[in-house]
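Reviewing the structure listed below.
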Protein chains: 2
Amino acid sequence: MKKPAQSHDHDHAAEPLADLTSRLRQKSQRVTAPRQAILALLREHRHPMTNKEIHAALAKGDCDLATLYRSMHLLEGMGMVKRFDFGDGAARFELVTGDAHAHHHHLVCTCCADIVEIDDCFAAELEARVAAAHGFKTVTHKLEFFGVCPDCQQAGHSHDKAKRSRRKPCGC
Amino acid sequence: MKKPAQSHDHDHAAEPLADLTSRLRQKSQRVTAPRQAILALLREHRHPMTNKEIHAALAKGDCDLATLYRSMHLLEGMGMVKRFDFGDGAARFELVTGDAHAHHHHLVCTCCADIVEIDDCFAAELEARVAAAHGFKTVTHKLEFFGVCPDCQQAGHSHDKAKRSRRKPCGC
DNA sequence: CCATTGACTGCAAATCGTTTGCATGAAGCA
DNA sequence: TGCTTCATGCAAACGATTTGCAGTCAATGG
Ligand SMILES: [Mn+2]
Ligand SMILES: [Mn+2]
Ligand SMILES: [Zn+2]
Ligand SMILES: [Zn+2]
């Protein structure tokens, strides 16, 4: 019914954990157990995760939820993770792997919450146009796509968007 | 320091209030005082407003905050208002004036929160491309631009994005 | 115009994601 | 090893949004 699930995608050349923690030291941030656990976990995932998901995925006692929130702020500020917003009220975070991956978008299934990574940003040109047209500087953009994935189309789901709770993907 | 402010923009041919309420009746929704007050207010604004802003703008006692939230859900479901998300934790709503206005985007000043309406959606093509590439159906997108408006550039603000609170525009 | 009735409202309490105060704990360094 | 400072855990605080409930009122039919 679901696809092979949000596979952990171990099949990629991930930056060694040591390299990640060293980036903390370089900015004189302490390499603590919670931070290592978080980075180790994010390293295994290629899709944005909510703090709740991250917390649940970590071994019990690895990291307090409050510490997790604080850590994500830190990592975001250091540019090591990127924050995404799918409009369901919970922030999602993804490890930044290489400059190219820093800015990108997603295609989210409103039915099963499956996420497709959209690595190319074709909005860069639009951004420049919009900025110039109104005299704005340092313009950025947030862009996410939502739709029904092939699997959920089959299942014959209708999913009246207006009726679903405003928060959280339906999960069918 | 600020521009003429979020002017009420009375200078547009707005749909008569009666036409709006009649749309409620057509779908057998009751025309109540709170709903009329909300519609009358939204009719005066062309930019997305948070429920807090709407509630503050209404005469005291016109509409309870809980009723306001419920009303926005109703109106959104009826397609009379559109919900926008600027990533500051509070939903914003705008009256839908004509089909053409239903889907559009914004350019938001991260400094003074000034909003520029971007009526053209140049992302429609991208959307189709993304949908086709991954077999998704009924694909939609959310897109907002953020930057520093001309006024705030002058003021010599730096605004280290990483340091600002995650929520709410700084307001300088 | 009045009675009827279910939809709608105000108020308060509950949720949810996120933030913060505070005392304790432990990285990094001499 | 001891010190200083930053980080953590826990619990309470927060802001946005939702919900339960009892009273109210818009719409309808007589
Ligand atoms: Mn991604
Ligand atoms: Mn708008
Ligand atoms: Zn982009
Ligand atoms: Zn668009």
Side-chain angles (χ1 to χ4, degrees), chain A residues 18 21-39 48-56 58-78 81 83-93 163-169 171, chain B residues 18 21-39 48-56 58-78 81 83-93 163-169 171:
Chain A
T21 57
S22 73
R23 290 174 60 183
L24 284 174
R25 277 206 195 75
Q26 283 167 30
K27 298 202 180 177
S28 47
Q29 302 295 334
R30 296 182 180 171
V31 177
T32 67
R35 288 174 185 178
Q36 291 183 70
I38 294 168
L39 289 172
M49 298 175 78
T50 64
N51 276 338
K52 199 208 283 190
E53 287 167 348
I54 295 173
H55 188 243
L58 289 174
K60 186 169 170 341
D62 267 6
C63 178
D64 184 77
L65 193 52
T67 300
L68 180 49
Y69 275 100
R70 283 189 276 235
S71 296
M72 297 321 285
H73 278 302
L74 175 79
L75 295 173
E76 184 186 18
M78 294 182 58
V81 304
R83 175 191 302 263
F84 292 99
D85 182 358
F86 291 175
D88 65 350
R92 278 157 220 266
F93 301 91
K163 284 203 173 165
R164 278 208 315 285
S165 166
R166 189 177 50 72
R167 296 168 168 272
K168 308 187 193 296
Chain B
T21 58
S22 74
R23 291 175 59 184
L24 284 174
R25 276 207 196 74
Q26 283 167 30
K27 298 203 180 178
S28 48
Q29 302 294 335
R30 297 189 178 169
V31 177
T32 67
R35 289 174 185 178
Q36 292 182 70
I38 294 168
L39 289 172
M49 299 176 78
T50 63
N51 276 338
K52 199 208 285 190
E53 287 168 347
I54 295 172
H55 188 243
L58 289 173
K60 187 170 167 352
D62 268 6
C63 178
D64 184 76
L65 194 52
T67 300
L68 179 49
Y69 275 99
R70 282 189 277 235
S71 296
M72 298 320 285
H73 277 301
L74 176 80
L75 295 173
E76 184 186 18
M78 293 182 59
V81 303
R83 175 190 302 262
F84 292 99
D85 182 357
F86 290 176
D88 66 349
R92 280 155 217 268
F93 302 91
K163 286 203 172 164
R164 278 207 314 283
S165 166
R166 189 177 49 73
R167 295 165 171 274
K168 306 187 194 300

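To find a chain, count down the sequence lines: A is the first, B the second, and so on, and within it residues start at 1. Note that the structure is a prediction, hence the values are computed from the model and not measured.
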Distance in Å, [X] [atom1] paired with [Y] [atom2], rounded so as to fall on 0.5 Å steps:
X: A:Lys52; Y: A:Arg92; atom1: NZ; atom2: CZ; answer: 10.0 Å
X: B:Leu39; Y: B:Thr21; atom1: CG; atom2: OG1; answer: 7.5 Å
X: B:Thr50; Y: B:Phe86; atom1: OG1; atom2: CZ; answer: 10.5 Å
X: B:His55; Y: B:Tyr69; atom1: NE2; atom2: OH; answer: 10.0 Å

* Could a donor-acceptor pair under 3.5 angstrom be found where the side chain of A:Arg70 meets the base of C:dG21? -> yes

Tell me the interatomic distance from [X], atom [atom1], to [N], atom [atom2], rounded to whole angstroms.
X: A:Leu68; N: C:dG17; atom1: CG; atom2: C1'; result: 12 Å
X: A:Glu76; N: C:dT18; atom1: CD; atom2: P; result: 12 Å
X: A:Glu53; N: C:dC16; atom1: CD; atom2: P; result: 16 Å
X: A:Asn51; N: C:dC16; atom1: CG; atom2: P; result: 16 Å
X: B:Leu65; N: C:dC11; atom1: CG; atom2: C1'; result: 11 Å
X: A:His55; N: D:dT8; atom1: NE2; atom2: C1'; result: 12 Å
X: A:Leu24; N: D:dC6; atom1: CG; atom2: C1'; result: 13 Å
X: A:Ile54; N: C:dT18; atom1: CD1; atom2: P; result: 10 Å

Got a sec, which residues hit side chain to side chain contact (heavy atoms under 4.5 Å, CB included) with [X], two or more places apart in sequence or on another chain?
X: B:Lys27; value: B:Gln29, B:Met78
X: A:Asp62; value: A:Ala37, A:Leu58, A:Ala59
X: A:Ala66; value: A:Asp64, A:Arg70

Would one find a side-chain N or O of [X] under 4.0 angstrom from OP1 or OP2 of [N]?
X: B:His73; N: D:dT18; result: yes
X: B:Lys52; N: D:dA16; result: yes
X: A:Tyr69; N: C:dT18; result: yes

* Asked: End-to-end bend of the helix from C:dC1-D:dG30 to C:dA13-D:dT18 (five-pair axes, 10° rounding)?
  -> 30°

* To do: Under the salt bridge (Lys or Arg N to Asp or Glu O under 4.0 Å) rule, collect the residues that match up with B:Arg35, sequence neighbours excluded.
  => none

* Structure fact -> In numerical order, the residues of residues 25-38 of chain A whose heavy atoms come under 4.0 Å of DNA chain C are A:Arg25, A:Arg30, A:Val31

* Asked: B:Asp64 has a side chain; which of D:dT17, C:dC11, C:dT19 sits nearest to it?
  -> C:dC11

* Asked: Under 3.5 Å, side chain of B:Ser71 to main-chain N/O of B:Thr67, donor-acceptor pair present?
  -> yes

